[in-house]
Structures are given as C-alpha cells and as structure tokens.
Number of protein chains: 2
Amino acid sequence: MTTVSEAGKTAHGAADHRKGPRRRGDALHTAIFEATLTELTAVGYAELKMEHVANRARASKGSLYRRWASRAELVADAVHHTIPSCAERPDTGSVREDLLSCLRGFATLLNGPSGEAIRGLMADTIRNPDLMDVVRARFIDPGVNLFLDVLRRGAARGEVRTTALTPRIASLGPDLLREYFLVHRPPIPDRALVEMVDEVIIPLIRA
Amino acid sequence: MTTVSEAGKTAHGAADHRKGPRRRGDALHTAIFEATLTELTAVGYAELKMEHVANRARASKGSLYRRWASRAELVADAVHHTIPSCAERPDTGSVREDLLSCLRGFATLLNGPSGEAIRGLMADTIRNPDLMDVVRARFIDPGVNLFLDVLRRGAARGEVRTTALTPRIASLGPDLLREYFLVHRPPIPDRALVEMVDEVIIPLIRA
DNA sequence: CGGGTAGAGAACTTGACGTTTCTTATGGCA
DNA sequence: TGCCATAAGAAACGTCAAGTTCTCTACCCG
C-alpha cells in the first residue's frame, strides 16, 4: 500500500488509468495525498506540477482544484499529514541532550521531502502572504512548544534558570535551525546543531 | 535624473518611446537598473515582469536577457547597487546601542523594496540553488561583518567577553532578524529588535 | 563616411495554470 | 432493485509570461 500506481508509468509518473475504478471522497483524497508526497520526493516542490500529481493519483486536475485552491494548499495539507506527531518528547535527563535530540529530529525532517515542501511554501509566501500563517501554525509553532517543554523540564531539575523560560529563548533553536536551512543548501550538518546548542542556547539558559 | 521616463506611461509603466534616442552600454545598464527598482517598488518582486521592466526602461527584452540570465540576477544586481555601503558603522560607545542601531538599519532596509527583493530572491532559490551563494555573499555576509566589528569594539572597551567573538554569535543578530523577516509579514516591529538584543545577544556576550 | 555592433520591437514557441465542457461511473434513496 | 443527482475522468481551452528569434535601424569606431 506504499505506492499507488501499479504499472505503465510514463516519464512523468503518470499511470495508465484507462480501466481503474473510480474513487470518491476519502479514498480519492488519500490517493492524492500519496501522489503529492511521491511527486514531492521525486521531483521536488519547484517541479511539482498539478497535472503530474493528478496523473499519478489516477485523478483529474478538476478533482484537485475542487479540494484545494492552489498547489501550496495541497502540499501544506499533504505534508502536514505525514509529519510525526510532536508527542515524541525526548527526556534524557540532560537539557543539552534533549535540545540536541529535538534539533536532530527537526533537521532530519528538513533534510527530507518535508524540507523541500517547507522551502517551497515559504517561497510561495511572496504571492500569498496568508500562507505564512499556515506555515507558522503547522510547522513552526509546534516546534517551539516542544522546546519550551524541554526547557521547563530542565528548569524543574535546576539546570535552567527560570527567567529563561521565554518564547524568545524557546524559539531560538527552531529559529536558528530554520535560518540555517533557508540560507544553506541541504543537508544540514550535525556540526551546526551542536554549535547552536553549545554556543548559544546552553550559555543563555544556564542557571 | 531620478526617473527615466518623461511622459506617456501606460498602465503597466511602459513609456512611449517611438522617438527616444537609442542608448548603449552603461547608460542603458543604468536605465534598466532604475526601471527595475521602480517596478520593484511599484508592484513587488512577485509581480515584476521582465517585459514591464523593459518597457519602463525604454529598452527591449533582448537587451535585458543579453545582460542577465534571469529576473533573479537582474534584481540581485540592481538592488545590490542601491544598498548603502556598510561603511556606516555605528559607534555610540555602548554595545547595546551599536547593536540596536545596526539592527534598525537592517530592518529599515528589509521593510522597503530591498526586503521585497530579498524575499523574492530567497524564493527563487528553490529553482536555482546557486542563488543562495549570491544572496549570502551580497546581502548576508556584510551584515555579519558589521556585527563582528561592533562586538570587537565592545570587547576592546571591556563590555564584551572575548570568547564571544565567534561567527556564530556575531551572526546571531542578522540571523534572528532575517528569520523574523521571512516568517512574518512586514514591517518588522522595533519591539522585536529590542527583544533580540536584550534577551539574547546582550546576555550572551556580557563579560 | 561606411560597415559592424548592438539595440528596438514584435512575433513566436513553450509550458503551466486554472477553467470549462462533456461523458460516465458511483452511491444514496425511493 | 432501479433511478438519478453528484462527483469523477478526460481533454480541450484561454491566459499569461518566460525566453528566443527575427528584422530593421541607430549608433560608434575606424
């Protein structure tokens, strides 16, 4: 069930769908999501064409546009559904390890297709500033909350000064990571993460 | 000499150039730069069309493409020429004031047409990753050097611990500012700058 | 002053978006 | 079970701007 199409793909990932059954509702929705992610992985956001997604999903462009107003909305929805729940809170007993663990998790995401998507969504932000709010709500804020939790647990252990529990400081990790991601080409080297933690965050939060 | 065209503009900024003299070389180059910046200010990067720039500059698309391979290169060149030299180093005698002054200068730039351009260039980065290097070299690294100078002068006065004179810490200001810029819609509130300085940079560099 | 270079301008090609139209399959409901 | 409104598939279409190519002509240099 990992791949959608069975055979007869064309150069652009189109499937031969002269005889497939016709789906509706959730089944179609899901198929389009899968096709979107496959295309995203295969050709990246910049080269992701609505028609190719439609073909790969054995659907029509009309079905796509009936559900999403634009490529950005489709991709944002599709990627959001695949992101592992941020419930996986690291808890190693050491703030430094927890922070690094969070950053490494984010970096892994950003180094993959989700990163491609986020980079593309941020790019589309020029034409559609409302997208910023979507990106922040779906892909940024959850990360900040995760960091805030880590800091709070560190404060409970006495590792973190309580005055460091501000949004500004909690978002430093995600901010610096995203900054690095946007300004350099992938992948993000682990070295950069360690530097962020050891040179910036740890000195700032130390009790 | 501020504006290029004299009269008879159309809705898209095209000039009536049935009878204008024909320029070459630098004169044309300059006229295209001015037209690019005017268009950038008028309609923004997303809506900046090569044909409109050509019309406004009383030039042909051919002349544009003979000089620049793409819209991104044209805009990068044009904006780079207008950015005030980073020689204006603030030196108030206080690191905090110097840092704030730098950040305010950058924020003012980002809040204007240059910001529009940088946002657009970063967006085009998806299709042309080489652009990242151009953007970093022209619009990012100079800022980091400016900050490094400020920190060095602060260290000479004893305000800054010398171990804080690292690229990672010097780029914190520009990084956080750019991050804010990319993730929020303009303008950048002064409040955000003060927070960056007082909650992050100052506590980190204090001797 | 004459010829090569470069610019103006318009036509053209291409590629994708987003829409529309027509046909047909599907699933709910009587 | 059979009807029918709804939604799907497919293809064609209109639009728009990128980038190229063509012709004609102005400018500069020798």
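Atoms considered below: every heavy atom in the structure, side chains included; atoms not considered: hydrogens, waters and symmetry mates. Just so we're clear, the structure is a prediction, and the values are computed from it rather than from any experiment.
In this structure, CZ of B:R23 is placed 12 Å from P of D:dC28, rounded to the nearest angstrom. Here D:dA7 presents its C1' atom at 8 Å from CZ of A:R22, a figure rounded to the nearest Å. Going from atom NZ of A:K61 over to atom P of C:dT21 covers 15 Å, rounded to whole Å. Rounding to whole angstrom units, CD1 of residue B:I32 and C1' of C:dG7 are separated by 10 Å. Atom CD in A:E51 sits roughly 13 Å away from atom C1' in D:dC13 (whole-Å rounding). When the P atom of C:dG15 is taken as reference, atom CE of A:M50 falls 20 Å away, rounded to whole Å. Taking atom CZ of residue B:R66 and atom P of nucleotide D:dG19, one finds them 15 Å apart after rounding to whole Å. Between A:K49 atom NZ and C:dG15 atom P there is a gap of 10 Å when expressed in whole angstrom units.
Between the side chains of B:T38 and B:T41, no donor-acceptor pair is found at a separation under 3.5 Å.
When the side-chain nitrogen and oxygen atoms of A:S63 are compared with OP1 and OP2 of D:dG9, one or more of them lie within a distance under 4.0 Å.
Nearest to the side-chain atoms of B:Y65 among the listed nucleotides D:dG9, D:dG19, D:dA17 stands D:dG19.
Here A:G25 lies in heavy-atom contact (under 4.0 Å) with sugar-phosphate atoms only.
Taking the centre and axis of the six-membered ring of B:Y45, the NZ or CZ atom of B:R71 falls inside the cone set by 45° and 6.0 Å.
Between A:R24 and B:R67, the residue whose closest nucleotide on DNA chain C is further toward the 5' end is B:R67.
Relative orientation of the A:W68 and A:H29 rings is tilted, given thresholds of 30° and 60° on the angle between their planes.
Interatomic distance, A:R153 CZ to A:L148 CG, rounded to the nearest 0.5 Å: 10.5 Å.
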